[in-house]
Amino acid sequence: MKLYQSNFNYSARINSRYTFINNTLTGALDIVESNIWDKVCNEKFEDIPSYPLSNLIERGYLYYDLQKERELFETLYHNYIQKAISRPIRFVFCPSFQCNLRCTYCFEKELPQNPHKYMDEALLGKAIDSAEEI
């Protein structure tokens, strides 16, 4: 049976031995041997041993039928739209960058030049007014 590569695959070679692969539809993230991924890219599926091949199929990197991938995409998109409609719009305001805890998980790694600068009341009021209009 013919195999097809997912339209949502992304890969980056780590080194000569390993390649990072990601399927943005299924969320799968893996590190595979570069020679295996090269065979996928060159559609040499028959040269891939059964275990890595079955794993690549299970994780959504390969499909026997691209219509199945399309159906998965449509289902996930429909679910996303339903959630987006049913959830209220949320805003996050950062009236200050004064926090200096430097938590390892924080996404604010590079704070502005003046970390003690505050959002003034007028700007905060405009932001709230704009949010209320939505």
Side-chain angles (χ1 to χ4, degrees):
M1 190 172 239
K2 184 155 174 58
L3 280 170
Y4 302 92
Q5 215 187 133
S6 170
N7 292 309
F8 297 90
N9 288 344
Y10 169 81
S11 66
R13 193 171 291 267
I14 297 170
N15 56 37
S16 62
R17 187 166 181 199
Y18 296 108
T19 297
F20 167 83
I21 58 174
N22 172 231
N23 183 283
T24 58
L25 181 62
T26 64
L29 297 166
D30 293 282
I31 295 175
V32 298
E33 292 182 19
S34 293
N35 66 333
I36 297 292
W37 193 248
D38 290 343
K39 290 174 185 173
V40 168
C41 293
N42 293 317
E43 299 184 1
K44 302 280 186 188
F45 305 118
E46 66 280 355
D47 296 340
I48 302 172
S50 62
Y51 173 72
L53 184 63
S54 64
N55 196 41
L56 291 168
I57 294 167
E58 182 181 318
R59 305 275 290 150
Y61 299 108
L62 300 174
Y63 286 87
Y64 286 112
D65 178 3
L66 284 180
Q67 181 58 31
K68 296 290 185 195
E69 179 182 56
R70 181 73 186 163
E71 290 168 7
L72 176 60
F73 174 83
E74 289 173 359
T75 299
L76 292 173
Y77 180 74
H78 174 76
N79 292 345
Y80 168 77
I81 293 299
Q82 292 305 309
K83 287 178 185 177
I85 291 170
S86 66
R87 291 181 181 168
I89 296 174
R90 297 178 187 168
F91 295 92
V92 176
F93 292 101
C94 296
S96 162
F97 284 105
Q98 197 168 12
C99 176
N100 65 355
L101 294 177
R102 301 196 194 327
C103 299
T104 57
Y105 56 84
C106 183
F107 63 89
E108 288 290 353
K109 296 294 182 200
E110 295 182 27
L111 295 175
Q113 294 295 327
N114 184 355
H116 302 291
K117 184 176 180 182
Y118 291 91
M119 178 185 289
D120 64 30
E121 288 183 39
L123 185 57
L124 181 59
K126 284 182 183 179
I128 291 170
D129 290 343
S130 295
E132 288 175 350
E133 290 175 13
I134 295 175

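Quick caveat: nothing in here was measured; it's all calculated off a predicted structure.
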- Describe, in one word, how the ring planes of Phe20 and Tyr10 are oriented to each other, choosing from parallel (under 30°), tilted (30 to 60°) and perpendicular (over 60°).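 Phe20 and Tyr10: perpendicular rings.
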- Task: Step by step, work out the side chain to side chain contact (heavy atoms under 4.5 Å, CB included) result for Trp37 and Ile21.
- Result: CA-CA 9 Å; Trp37 193 248; Ile21 58 174; 3.5 Å; yes
- Message: A side-chain contact here means heavy atoms from C-beta on lying under 4.5 Å apart; do Gln5 and Val40 qualify?
- Response: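 Heavy-atom side-chain distance check passes, below 4.5 Å.
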- Query: Is any side-chain heavy atom of Leu25 closer than 4.5 Å to a side-chain heavy atom of Phe73?
  - Reply: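 With C-beta onward as the side chain, the pair touches.
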- Message: Would you say Tyr61 and Asp30 are linked by a side-chain donor-acceptor pair, where the criterion is simply a distance under 3.5 Å?
- Response: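 Tyr61 and Asp30 do have a side-chain donor-acceptor pair below 3.5 Å.
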- Does a donor on one side chain sit under 3.5 Å from an acceptor on the other, for Ser34 and Thr19?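 Present: a donor and an acceptor within the cut-off.
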- Would you sort out whether Ile31 and Arg17 count as a side chain to side chain contact (heavy atoms under 4.5 Å, CB included), showing the intermediate values? CA-CA 10 Å; Ile31 295 175; Arg17 187 166 181 199; over 6 Å; no
For the backbone of [Y] and the side chain of [X], can you confirm whether one donor and one acceptor N or O come within less than 3.5 Å of each other?
X	Y	answer
Glu69	Tyr63	no
Asn55	Tyr51	no
Asn22	Ser11	no

- Query: Hey, mind stepping through Lys39 and Phe45 against side chain to side chain contact (heavy atoms under 4.5 Å, CB included) and telling me if it holds?
  - Reply: CA-CA 6 Å; Lys39 290 174 185 173; Phe45 305 118; over 6 Å; no
Are [Y] and [X] co-members of a hydrophobic cluster defined by side-chain heavy atoms under 4.5 Å apart?
X	Y	answer
Leu29	Val32	no
Leu56	Leu72	no
Leu3	Ile48	yes

- Query: Rounded to the nearest 0.5 Å, what separation is found between the CG atom of Asp38 and the CG atom of Asp47?
  - Reply: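 Going from the CG atom of Asp38 to the CG atom of Asp47 covers 12.0 Å.
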- Lys2 NZ/CZ over Tyr4 ring centroid, <6.0 Å and within 45° of normal: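 Positive - Lys2 is close enough to the ring of Tyr4 and near enough to its axis.
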- Task: Let me see the working for Leu53 and Leu62 under side chain to side chain contact (heavy atoms under 4.5 Å, CB included), right down to the final yes or no.
- Result: CA-CA 8 Å; Leu53 184 63; Leu62 300 174; 3.6 Å; yes
- Give the minimum heavy-atom separation between Ser6 and Gly60, together with the two atoms involved.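 The answer is CB-O, 3.4 Å.
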- Item | Asp65 bridged to Arg70 by N-O distance under 4.0 Å |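 Looking at Arg70 together with Asp65, the answer is no, because their closest N to O distance does not fall below 4.0 Å.
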